[in-house]
Structures are given as structure tokens and as C-alpha cells.
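Source: prediction; values computed, not measured. In the text below, chain A, chain B and the rest are named by the order of the sequence lines, each starting its count at 1.
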Protein chains: 2
Amino acid sequence: MATGRTHRPATRSRGIPEATVARLPLYLRALTALSERSVPTVSSEELAAAAGVNSAKLRKDFSYLGSYGTRGVGYDVEYLVYQISRELGLTQDWPVVIVGIGNLGAALANYGGFASRGFRVAALIDADPALTGRTVAGIAVQHTDELEKIIDDNGVSIGVIATPAGAAQQVCERLVAAGVTSILNFAPTVLSVPDGVDVRKVDLSIELQILAFHEQRKASEENPGAGIDGSLPAAEEPPVVAKRAARNQTPAAGAERSASPDQGPDGDVPAVMPA
Amino acid sequence: MATGRTHRPATRSRGIPEATVARLPLYLRALTALSERSVPTVSSEELAAAAGVNSAKLRKDFSYLGSYGTRGVGYDVEYLVYQISRELGLTQDWPVVIVGIGNLGAALANYGGFASRGFRVAALIDADPALTGRTVAGIAVQHTDELEKIIDDNGVSIGVIATPAGAAQQVCERLVAAGVTSILNFAPTVLSVPDGVDVRKVDLSIELQILAFHEQRKASEENPGAGIDGSLPAAEEPPVVAKRAARNQTPAAGAERSASPDQGPDGDVPAVMPA
DNA sequence: ATGTCTTTGTGAACGCGTGCACAAAGATGG
DNA sequence: CCATCTTTGTGCACGCGTTCACAAAGACAT
């Protein structure tokens, strides 16, 4: 899960719990699909299955929005689509800028899901003069120098950062200074922003690592003792020996495997695409 | 927050809470940066700041791994890097396949962060014969027909799905049948998988919608009553009229930009890149 | 050795989120 | 109009996760 909010005492959004807000888009997607099939109503059970959640949870979520269902029948699909869209603020137009038009930035620009839900790519911005003027997804790439003007002219309040990690914080500061108050960050860095600015982070590397953790656990479960070391009795004291041993073999485990001479020294290499 | 796990009673991973596991990669990144700067030790306070979390939380997280710190001093950077890497299973090689080499798939293939942490792109797979044979990021794209063989030959247990939504479930099933037990899903769909298979989801559209929600809230806070409608008194009845109104202003904008003839009718258009 | 000072590791309290289970609401049929 | 049946809306209890706050541990100086 793309994690990371920034500050904020959590539940404060006028009653609607953060966890519920995070699920609304899920419901909306399922409802949209039903709407396209001209299904008039759904029960919480059906919709929950389609969204991949528990029906009780779904009902409770909807209860925060109001009582939009009809007992014995279910929910009116169209009506619910409207209510959720409104609640999420999707009934208005949200101009968005994407900064950093590398592989990922281009992929985002081409993403159809953007426009389909109230979001409009107002501009693509990159620091590389070579890209300036070229068009991606039918939109001309503009130079970073124009950033402030673009934000201002289009009334942009949401920015997407798809730059290398090294440039992210600086870009972030310029966006914020120019008036952006919500940022979706794909760079593998912790952005620090002033209060009042929301940051959400999407980090592919982290997701993979979490998967690896569970994968490893699964493996050691069906084949105990196969772990590199005892692993399991982690509660024990892996005496100083281990500590020392670790000390020198450690760094960048990848060293031995050495498949490709990836990057030179830099291990945390921001690389071109973070996600 | 790339969200979405699938099933599983949560905390069961031999003591380490799920929330903690999700933060370990964050610590690891910060530690790696310190390691590169040859910093020998860090205090929980410093490291917490670098990772963007609360220091008490960080200490508690580490306490689940064991007592790796030294009171009065802090944590040994190298040692901690090793411990966390081991815990996450990053000391071993994880061959990964990416299915769906569109804009996003290509971006992922080019992502340097992959190789830098024990992950190795074993193969790129796509259903489009036009792509087969072409190389992306120095890796040849293979046809979907080879999927099972590739998984088997390389002992792949982690798969990345970057296909359009329509193909995701089917690809998922083939991956699972072939032996994959962890999936990172970028397609905007709910995947259903058998027990024992982990699924993590990354969905750009959802992240943006969550940002829009908060953005809208901010706007209506500093300018109450400016909302499209009363908004706040959501508990009220926004009669049928609104319902209709919403109907026709809403839908799929993406149609215009029409860059590529993605898919025809499908309204929830998976498009080329989901996330 | 002894004292002081820093920083960890954790017990305990609190709050959010989840899921159960059921009463109330309303549709539907006779 | 009444009975029955379906499905919502929610009170309640439980558990995970977060945070506070402090005692214990160890470094370091004297």
C-alpha cells in the first residue's frame, strides 16, 4: 500500500475515518462497473464482494456518508456513484501537473484513468531541455523554469512527483511555494512539507520488500531450519559472534550474486524510476 | 499506501506486526544512505527523523527484531542494515517477472531500485506478438505462451502484473497455477487468489482520489459554504434532481485525448497503465 | 570505582478500525 | 392490513497500533 500521509491527527476529516476514505475509491470503481452494466441496485453483500471487502465494513463505511440504502433492497447504484463522487470531490475538475517525465512520468501521462475521474493533466514538466517541447500523451513537455507560472495559471493544487530521488525535495518545495497543497510522490524519498500540505507516497521498492518478507516466511514455514541461520528464535541472543560475522559480510548482500554491475558505488540509487 | 493484502489474520508473522514490516524498508533505505556516508552509528531520534517516523515507534519496531542497540550510543548502522535485510529476506535472490510491458511495465523494467535490493528481473512477458523479441531495459520480451515455462525454469515466486485491468485476473491465475505465491498488482482490479498467495496492490487512481478528498475538505474549510452544494450537511437529502444532473457531467473523459486506441468500448477503461 | 549523562527497550494507556450479531425498516405477498 | 422475509444500519467488544513516559543499561569522565 502506498503508504505515507504526513502529520495530521488522523480522523478529523469531518467525521469520515481515514480508513473509510481510502476505500471509497474502491467502492466507486465497483459501482461504476455496475452502472455500465445498467444494474439498478446492489446489496451490500454483492458490492462488498466486488470491491473485495467485508460487507459489514462496507455498510459501516456508507453509514458515515449518510443513510443511502433501502432496507430489504440495497443501494441505488447511480445515486451511490453520485454521492461517493461528491464526497471525494470528483464532481469538480482537478488540474494536475506531473513533474519528471522519465519512464514513469510518461506512463502516468498516458494513464487513461486520470481523465476518467475528474483529473486533468494540466502540464508535464521536466528539467531536461532535451525533452522540452516534445509531446507525451499529446501534451507538450515544459521546462522546470515555467513551473511556478504553470501552477499559477492553471490553479493547480495537486502535483505528482516522478523525478529521481535527488530532485524530489527541491521540486516539492517549489510546488508548495507555488501553491500546491497535495502531492503524490513516486520518488523514493521522505519529503518534508509544511503543515497543511498532504503527501501520499507510492513506492514500488517497498511493496516488493514486503512481499519478499512474507515469501521468506512462507518458505521457512514449510521447510523449517532451512533459513540462512536459525532465524526463527529471533528472540534469542544472536551473540556477539553473529554480530561480528555480520559486520563484514554484510554490506549490500547483493555483492556476491553480482549479476550485473548495476550501479557503481551508490547503493540507494534513486535511478530513473522510483515507484 | 499501496494497500491491499489478501486474507490472513494479520499479525501472525511470527511476532513481527504487519505495520512494522511495512516500515522496515523505510528504515533500510535511511540506513543505507547513512552507510554510504560512512556514518558508524545513529540514535533512534536521528534515524526516525530520516525515515519520517516517530522515534518511539522506531524503537518499538526494532525491539521486535531483537535488542540491536546500545544504550547511551545508538544503533550500529552496518549491523542494523544487515539485520533488517535478513529479516526482509533481502539477502537472497528474488527472481521476478513482469507481465504486461506497456508504458508502466517498461518503466518498472527500467527501475534501478529493483536490482539494488536482491530483486532481479528474470523476464518480461507480454501478450502482444509485436513486442515479443524486442528488448526493454536490456531484457528480451517473451510471449505469454512461455509464462509457465519461464516461471518454472527460473523458480520465480514473485510476479508483477502491469496489464490492463481486463487481463489481470487471468494472468494472475496463470501465475499462481505456475507457482507464483506473491503478486504485486498494478491493474485497477480486485484480484481473487487462493489462500497462501499474497497480493499487494498499487493504484494510482485511488491515491489521487484520496488526495482530492482532502483537498476538497481543505477548500471548504477556509471557504465554508462554497462547496458545489451544501456539502457539509451530507446527512441531508440531495434530492433526485442532483442525481440526474450528475449523470451526464460525469463519465469518462479520457475519450478525447485518444492517443492510442487502447481498448474500444469498455468504460472503466483499464487503459495501458493502471496504477 | 563511582557518578553522571545519554539513549535504549518496554509497560501501560489510549484510540482507531474491524467484525459480529441483531434490532429496526421497509418491501413484498396474501 | 397483516405476516413474512430481506437487507440495512449500528451498538458493542475485541485487537492492533501508536504514543507516552520511565526504568534499566551502558558509555564516559573523573
Determine whether the side chains of [X] and [Y] contain a donor N or O and an acceptor N or O closer than 3.5 Å.
| X | Y | result |
| --- | --- | --- |
| A:Q216 | A:S220 | no |
| A:T91 | A:R86 | no |
| B:Y82 | B:E78 | no |

Whole angstrom value for the distance that separates [atom2] of [N] from [atom1] of [X]:
| X | N | atom1 | atom2 | result |
| --- | --- | --- | --- | --- |
| A:E18 | D:dG17 | CD | C1' | 16 Å |
| A:D61 | C:dT18 | CG | P | 7 Å |
| A:L58 | D:dT10 | CG | P | 14 Å |
| B:Y75 | D:dA25 | OH | C1' | 13 Å |
| B:Y64 | C:dT10 | OH | C1' | 10 Å |

query: Looking at D:dT18, does its base get a donor-acceptor pair with the side chain of B:K60 below 3.5 Å?
result: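 It does not, because no donor-acceptor pair links the side chain of B:K60 to the base of D:dT18 below 3.5 Å.
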message: Looking at the base of D:dT7, is there any donor atom on it, or on the side chain of A:R71, that sits under 3.5 Å from an acceptor on the other one?
response: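 Not at all, since no donor on one side and acceptor on the other fall under 3.5 Å apart.
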task: For residues A:Y75 and A:Y68, establish whether the separation of their ring centroids is below 6.0 Å.
output: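 Between A:Y68 and A:Y75, which both carry aromatic rings, the centre distance is not below 6.0 Å.
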message: Donor-acceptor pair, distance only, cut-off 3.5 Å: does the side chain of B:Q169 make one with the backbone of B:S192?
response: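 Yes.
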B:N54 side chain to B:L58 backbone, donor-acceptor under 3.5 Å: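 The answer is no, because no donor-acceptor pair under 3.5 Å joins these two groups.
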Choosing from [options], which nucleotide comes nearest the side chain of [X]?
| X | options | answer |
| --- | --- | --- |
| A:R23 | C:dT18, D:dC20, D:dG9 | C:dT18 |
| A:T70 | D:dT10, D:dT8, C:dG26 | C:dG26 |
| B:R59 | C:dT18, C:dT10, C:dA21 | C:dT10 |

field: Sugar-phosphate, base or nothing in reach of A:F62, heavy atoms under 4.0 Å
entry: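 The residue A:F62 makes no contact with any strand.
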task: Can you establish whether the number of heavy atoms outside B:E173 located under 6.0 Å from its atom CD is more than 12?
output: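 Yes, because the 6.0 Å sphere around CD of B:E173 holds more than 12 heavy atoms from other groups.
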Earlier contact from the 5' end, DNA chain C, for A:V73 and A:K57: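 Closer to the 5' end of DNA chain C: A:K57.
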field: Strand contacts (DNA chain D) in residues 42-54 of chain B, 4.0 angstrom heavy-atom criterion
entry: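 Contacting residues: B:N54.
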